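To start, the structure under review is shown below, and the notes come after it.
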Amino acid sequence: MDNIIELKGVGKSFNARDYIVRDINLTVKKGEFVTLLGPSGCGKTTTLRMIAGFETPTEGSILFKGKDISKVPPYLRPVNTVFQRYALFPHLNVYNNIAFGLNLKKLSRPEIEEKVGRVLDIVDMEGFEKRKIHTLSGGQQQRIAIARAIVNEPEILLLDEPLGALDMKMRKEMQIELKHMHENIGITFIYVTHDQEEALTMSDKVVVMADGTIQQIGTPEEIYNEPNNAFVADFIGESNLFNGVMKGNMKVEFLGTEFECLDDIEKGTRVDVVVRPEDIVMVPYDDGMVKGEVISVIFKGIHYEITLQSGKNEIVVQRTRAAKVGDKAGIILDPDSIHCMKRGKNVNSFKGVLTKKGTVMFADGEFECDLTMLYPDSSVDDNGNLMDSSGNYIDYAGTEVIVEIPFNGIRMSDDENEGGVRGNIFSLIYKGDHYNYIIKTKNGYEYILNDEYLWNENDYVSIVIPKKLIKLMRMDSEVQ
Amino acid sequence: MKKYFSRRYLCIPYCIFLIFFVVLPVIVIFYYAVTNGEGEFTLNNLSAFFSSGYAIGTLLYSIAIAFTVTVVCLLLAYPVAYILAKGGIRKNNVLLLLFITPMWINFTLRITALKEVLTAIEGNIAYYPFINTIIGMTYDFLPFMILPLYTTITKIDNTFSEAAQDLGADSVKVFFRITLPLSVPGIISGVMMVFLPAMTNYVILDMLYNSTFIMGSLIGSYFSAYDWHNGSMISIILLFIILAANFVTDRFADGNAGKGRAIL
């Protein structure tokens with residue numbers, strides 16, 4: 001199959017600094033149903049709008065059948081869009097809405113009538129030609145919006161959260177109908193949603209996005225069963241996330257226990273471990289590989305969601321039989337149900353510069369640091385001046401350095417003056433016995449840290465980093 | 001019996017005002033319109049109006065003037081309102097203010113200033129009554145056209161023009177097939193705000209010293225001759241014409257984009 005559309009290194013930014021999306025590489029094959037999935041603000045709609053032509057990428061190129069269309073205006077592109085709130089023209093009736101594109105193409109009247117009739121049949125809205133838009137229900141408007149787009153026989157149909165405004169039941173019905181439509185008319189669909197279930201149900205290929213970048217591209221099964229990183233695992237479906245260490249040939253240790261797994265990752269590597277709640281088997285206390293106590297039971301309709309406390313970790317289990325709070329229980333895990341992911345980053349790493357005061361400035365912050373680690377055999381005298389081994393002062397101000405800070409040991413504070421840098425909590429992921437936080441500063445620098453306690457998303461905090469945890473390296477030594 | 005304060009009581013001051021200064025005068029005008037000098041009921045005033053070629057001619061001429069002023073206002077105001085609402089001009093509020101500010105300057109002062117300008121251009125302004133009337137009224141009524149148009153065009157959801165582009169319309173087609181039809185409610189209220197006052201305006205003409213004679217001046221001329229009866233009848237006729245015009249445009253607005261606006 002041919003690639004119908006290709007995004008190559010596509011990015012969009014303001015002032016080449018604030019990126020909405022960056023480095024988007026995506027190929028879509030003819031006839032595929034591709035879904036861009038992510039939380040709001042992740043750049044999925046911007047990506048779609050760039051394909052439609054409403055936004056121009058500031059970087060990279062968009063190829064349609066191999067031709068660059070990045071600069072082609074929307075009305076010349078062989079794509080049609082179904083808008084989030086349908087955008088049906090209120091001054092035209094159903095027929096004229098659908099015929100809008102055909103009229104512009106100057107088709108003959110009988111031809112237009114025939115085509116409009118056919119798409120009304122496809123979307124199951126025969127006989128609505130003369131109706132005014134405002135007399136239609138949300139679901140009917142939705143169908144007309146789809147009809148208006150597909151009547152032009154586009155090569156690609158773009159759908160921007162088309163089911164977002166519908167109620168749950170209607171949405172499920174439309175999901176199935178859209179899927180059928182896709183199969184019947186054979187147009188390539190590019191679909192944007194924040195609803196992971198919708199994405200998994202409908203797509204051939206899911207593109208998970210977060211923070212303006214692609215996190216993972218894969219089939220729904222791949223995304224669910226083998227998430228690339230903790231974000232994808234957390235975003236798609238329910239999941240238990242733990243910190244683990246590889247213990248050699250397909251063995252991983254987490255929850256204080258060594259498990260067999262199917263991921264072959266180098267021994268000693270720190271990994272994120274994902275275990276889906278429905279894959280965990282609850283057994284009597286003595287038979288468990290991990291033992292714990294039930295601390296909550298929630299009825300969810302099809303199943304019970306049972307939370308076990310094991311040491312400092314919480315483990316969420318789904319099963320159809322209930323349990324009682326306070327029960328002692330064990331769990332066993334199949335090698336198949338354990339998925340290990342290499343950690344993307346183990347430390348925060350920034351470029352910094354030393355100040356006259358002997359502090360280091362980086363990523364919107366200023367911290368005290370131990371300068372002696374930069375200069376062999378140096379020491380600090382009583383006045384705080386840095387001296388080399390022969391007693392000469394060292395002029396360090398303005399030296400550029402690489403700064404590394406671990407995730408553990410640094411902490412957040414509500415007092416904005418306590419830490420050396422301030423920012424808002426941008427994301428948090430629960431990892432069994434702690435939370436993993438990303439704090440974004442005003443210029444978009446990200447600090448990652450682990451904390452035992454739950455803070456709220458968007459809290460304004462300062463970050464306290466003990467002096468001894470700031471590791472400084474010479475810029476030039478890095479280059480060598 | 002306990003007395004409760006009802007919110008309705010807040011209307012009382014206005015009602016009193018309304019009765020004394022709106023309802024009573026209309027009744028008085030109506031009374032004068034259907035009586036003669038001796039206070040007897042008569043419809044002679046009505047037939048006098050319709051049998052006088054001069055009065056009918058003035059009416060038609062007023063309509064022509066009002067129509068021209070409205071068209072000129074619309075042609076001037078639409079592009080301005082469109083650019084203010086759509087074009088990426090920053091601080092467009094400041095610009096809008098610039099168009100509205102003249103309304104805050106004393107009316108007579110403005111017209112006097114205009115007279116000076118016109119005299120400087122034309123020499124003797126009495127030679128160009130028609131054009132001066134049009135300029136004077138356009139100058140006075142333009143903000144009333146810009147404002148409703150601006151409000152309506154700003155409210156048009158941008159996704160409509162995006163949807164039209166998506167379906168293959170270039171920017172000219174987007175304008176004529178989407179933006180213009182969707183701004184019809186604004187055009188209608190702008191036209192109402194300009195056409196009706198232009199029909200009856202009298203002060204502008206008077207101040208610009210010209211001989212152009214429209215309905216307002218006609219009524220004025222009867223009153224200055226102490227002929228209250230014919231003057232009142234003409235006022236009543238004008239009132240009915242305006243009511244009819246109002247009714248027609250309202251229906252038109254309803255049938256067309258009026259309901260579309262509800263969705264927006």
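Since the structure is predicted, the reported quantities are computational estimates derived from the model, not experimental observations. Reminder, nothing fancy here: chain letters follow the sequence lines and each chain counts from 1.
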For the atom pair CZ (A:Phe54) and CD (B:Glu162), what is the distance rounded to the nearest 0.5 Å? 4.5 Å
Taking atom NZ as the centre, does A:Lys179 end up with more than 12 heavy-atom neighbours from other residues, nucleotides or ligands that are less than 6.0 angstrom away? yes
So which part of A:Leu158 gets closer than 4.5 Å to some heavy atom of chain B, the side chain, the backbone, both or neither? neither
Could you check which of A:Gly53, A:Pro73, A:Ala87, A:Gly101 has the highest count of heavy-atom pairs closer than 4.5 Å to chain B? A:Ala87
Residues B:Leu167, A:Phe89; criterion side chain to side chain contact (heavy atoms under 4.5 Å, CB included); working and verdict: CA-CA 12 Å; B:Leu167 293 166; A:Phe89 307 128; 4.1 Å; yes
Looking at every heavy atom in both A:Leu88 and B:Phe160, which two are closest together, and how far apart are they? O-CE2, 2.9 Å
Any chance CZ of A:Arg22 has more than 12 other-residue heavy atoms, nucleotides or ligands included, within less than 6.0 Å? no
Could you check whether any side-chain N or O of A:Asn80 sits under 3.5 Å from a backbone N or O of B:Asp166, counting only pairs where one atom can act as donor and the other as acceptor? yes
What closest approach, in Å, do B:Ala169 and A:Phe100 show between heavy atoms, and which atom pair accounts for it? CB-CE2, 4.3 Å
Please state whether the side chain, the backbone, both or neither of A:Arg148 comes within less than 4.5 Å of a heavy atom of chain B. both
Measure the shortest side-chain to side-chain distance between A:Leu104 and B:Arg177 over non-hydrogen atoms and say whether it is less than 4.5 angstrom. yes
How about OH on A:Tyr95, more than 12 heavy atoms from neighbouring residues, nucleotides or ligands closer than 6.0 Å, or not? yes
Just by distance, do the side chain of A:His91 and the backbone of B:Val184 share a donor-acceptor pair under 3.5 Å? no
Here the pair of heavy atoms bringing A:Pro90 nearest to B:Leu182 is CG-CD2, 3.5 Å
What do you reckon, is CZ of A:Arg85 surrounded by more than 12 foreign heavy atoms closer than 6.0 Å? no
Are there more than 12 heavy atoms of other residues, nucleotides or ligands under 6.0 Å from atom CZ of B:Phe107? yes
